[in-house]
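What follows is one structure encoded as structure tokens, with my remarks underneath.
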Amino acid sequence: MEDLMQKIVSLAKRRGFVFPGSEIYGGLANSLDYGPLGVELKNNIAQLWWKRFVQTRNDMVGIDAALIMNPKVWEASGHLKEFSDPLVECKKCHKRFRFDEIVNPKPKTQNPKCSDCGGDLTEAKQFNLMLKTFLGPAEEQANIAYFRPEIAQSMFVNFKQVLDTTRRKLPFGIASQGKAFRNEITPGNFIFRTREFNLMEFEYFVEEKEWKKWFEYWQNEMREWLKDLGINLKKIHENEIPDGERAHYSKRTVDFEYEYPFGQKELYGLAYRTDFDLRNHFKEPPYKEEGADAFYPHVIEPTFGLDRSVLAALLEAYSEEESRIVLKLPFKLAPYKAAVFPLLANKPELVKKAKEIYDSLLKDFMVAWDARGNIGKRYYSQDEIGTPFCLTVDFDSLEKDDVTLRDRDTMKQERIKIKDLADILNDKLKN
Ligand code: GAP
């Protein structure tokens, strides 16, 4: 299974999904860059999410907020005090660990040793994960600011403005996507845990008496979303987080854990944040309906790591068959929707016709062009990056105005009239 992870990392680098960050300078540990195909996959997931949870719902609106907020936000939210992981250090080799990650199995009664040298560990101390910076030229206390460790707070502090400008009534949600930053003690496993990462989440505001109903509703919606990503729900484990292990703001949390090759770990989370955040930010209750007293709405928060979504989608899609590697990504996620080839690169009439098709499809789809090597190699190359359809222009095409359309998953081929291509592709890509 670990082997699968190496294959994904290698394919991601070889084909331009994810590169090691700053590589020409020797890299930077756990910093990764999305390449030309990776950014398409990541953006396709983010757009699908936005469409599903924001644009096609009448109870959700979106915002896009600053990454650096007034430090008072983090004081009020409790992050400055509470957003920490337990850190231990080996007394012998000085390697550092996250205590909760090395205490195994549950219940946590063991006295673990350093996994590198077997040395004794120090007592656990709380290490704050907020990434600090200074605003302006003077590096002094008054200028300290923090890169946001979660995007949720932007939705809480903008609650009144959203309410005033959209006149929403409960229940409704505020959604956002963007970067978050955490000074992780043990980043690693490729894009699974990094110090800067992409989040998609929303805060769904409800009346207190209805929180259980909405918690269940969103738990189910999260399962439906996972199906869109092509994730096999058998590999998802919904883990109820017990008292004492939840984030400081949560009264109930269910983690959606996925079976990664390196173990079963969190993919997404669902939390009942009560009215904790709104109460901390607003002295007066910020929500009021006509004829009723103002009050603090309660919050259900589904949160989706975008990089972990990319990783899970790649792991699920990767498949090795007799003569090929194929990424069976859901069509909506595939970076390229089709590839166009002239059968022979040295026949100008084929190249010309294929180029015309390529140029015309490019207006509506992400389309790849390939005229290198033979057709078999081109199929191999497109299968490996998950392109659903390959279109080949051959000598018959010149006479009949058609192409061969080859399906990534079945490898079956059919002849399609060029004039019908865009409609047929659109239809097939709906799946
Ligand atoms: N607002 C709630 C919140 O931030 P979280 O469980 O701390 O909750 C949300 O983080 C999601 O962000 C996680 O479910 C996971 O998908 C992702 N995530 C958390 N830390 C990450 C990291 N260091 N690198 C990549 N993704 C991370």
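Counting starts at 1 for both ligands and their atoms, in listed order.
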Backbone, side chain, both or neither: what part of Arg308 comes under 4.0 angstrom of ligand 1, heavy atoms only? side chain
Within a distance under 4.0 Å of any heavy atom of Thr303, pick out the atoms of ligand 1 and give their elements. 8 (O), 9 (C), 11 (C)
Tell me whether Asp407 is salt-bridged to Lys412, with the criterion being a basic N under 4.0 Å from an acidic carboxylate O. no
Name the closest protein heavy atom to atom 18 (N) of ligand 1, giving the residue it belongs to and the distance to 0.1 Å. Phe197 CE1, 3.6 Å
Is the shortest distance from a Lys or Arg side-chain nitrogen in Arg406 or Glu414 to a carboxylate oxygen in the other one below 4.0 Å? no
Would you say the ring centroid of Phe295 lies under 6.0 angstrom from that of Tyr287? yes
Hey, do the aromatic rings of Phe262 and Phe192 have their centres closer than 6.0 Å? yes
Who's closest to atom 4 (O) of ligand 1 heavy-atom-wise, of Glu203, Glu301, Arg182? Arg182
Should you measure from each heavy atom of Tyr249, which atoms of ligand 1 turn up under 4.0 Å away? 2 (C), 3 (C), 8 (O)
Taking the side chain as C-beta and beyond, is there a heavy-atom pair between Trp74 and Phe83 under 4.5 Å? no
Within ligand 1, which atoms have a heavy atom of Gly305 less than 4.0 Å away? 16 (O), 17 (C)
Is Arg273 near ligand 1, meaning one of its heavy atoms is under 4.0 Å from it? yes
Are Tyr272 and Trp214 an aromatic pair by the rule of ring centers under 6.0 Å? no
Please confirm whether Leu199 comes under 4.0 Å of ligand 1, counting heavy atoms of the residue only. yes
Quick one: does Phe192 get a heavy atom under 4.0 Å from ligand 1? yes
Considering non-hydrogen atoms of the protein only, which is the closest contact for atom 6 (O) of ligand 1, and what is the distance? Glu266 OE2, 3.1 Å
In terms of ring plane angle, is the pair Phe304 and Phe53 parallel, tilted or perpendicular, where the classes change at 30° and 60°? tilted
Which bit of Phe83 gets closer than 4.0 Å to ligand 1, counting heavy atoms only: side chain, backbone, both or neither? neither
Applying a 4.0 Å heavy-atom criterion (strictly less than), which segment of Tyr268 is in contact with ligand 1: side chain, backbone, both, or neither? backbone
Within a distance under 4.0 Å of any heavy atom of Gly269, pick out the atoms of ligand 1 and give their elements. 14 (O)
Would Arg14 and Glu384 count as a salt bridge (charged side-chain N to carboxylate O under 4.0 Å, His left out) here? Give the steps. CA-CA 10 Å; Arg14 192 173 66 248; Glu384 206 185 33; 2.4 Å; yes
Option set Glu150, Glu184, Gln153, criterion heavy-atom distance to atom 23 (N) of ligand 1, minimum: Glu184
Please work out, at 4.0 Å between heavy atoms, whether the side chain, the backbone, both, or neither of Arg195 comes within that distance of ligand 1. neither
Taking only Lys NZ, Arg NE, NH1 and NH2, and the carboxylate oxygens of Asp or Glu, determine whether Lys235 and Glu316 approach each other closer than 4.0 Å. yes
Looking at the rings of Phe365 and Tyr336, which for Trp means the six-membered one, are their centres under 6.0 Å apart? no
At a non-hydrogen distance cut-off of under 4.0 Å, which region of Thr194 contacts ligand 1 (side chain, backbone, both, or neither)? both
Atoms of ligand 1 less than 4.0 Å from Leu267 heavy atoms? 14 (O), 15 (C), 16 (O)
Charged N-O contact under 4.0 Å between Glu150 and Arg273: yes
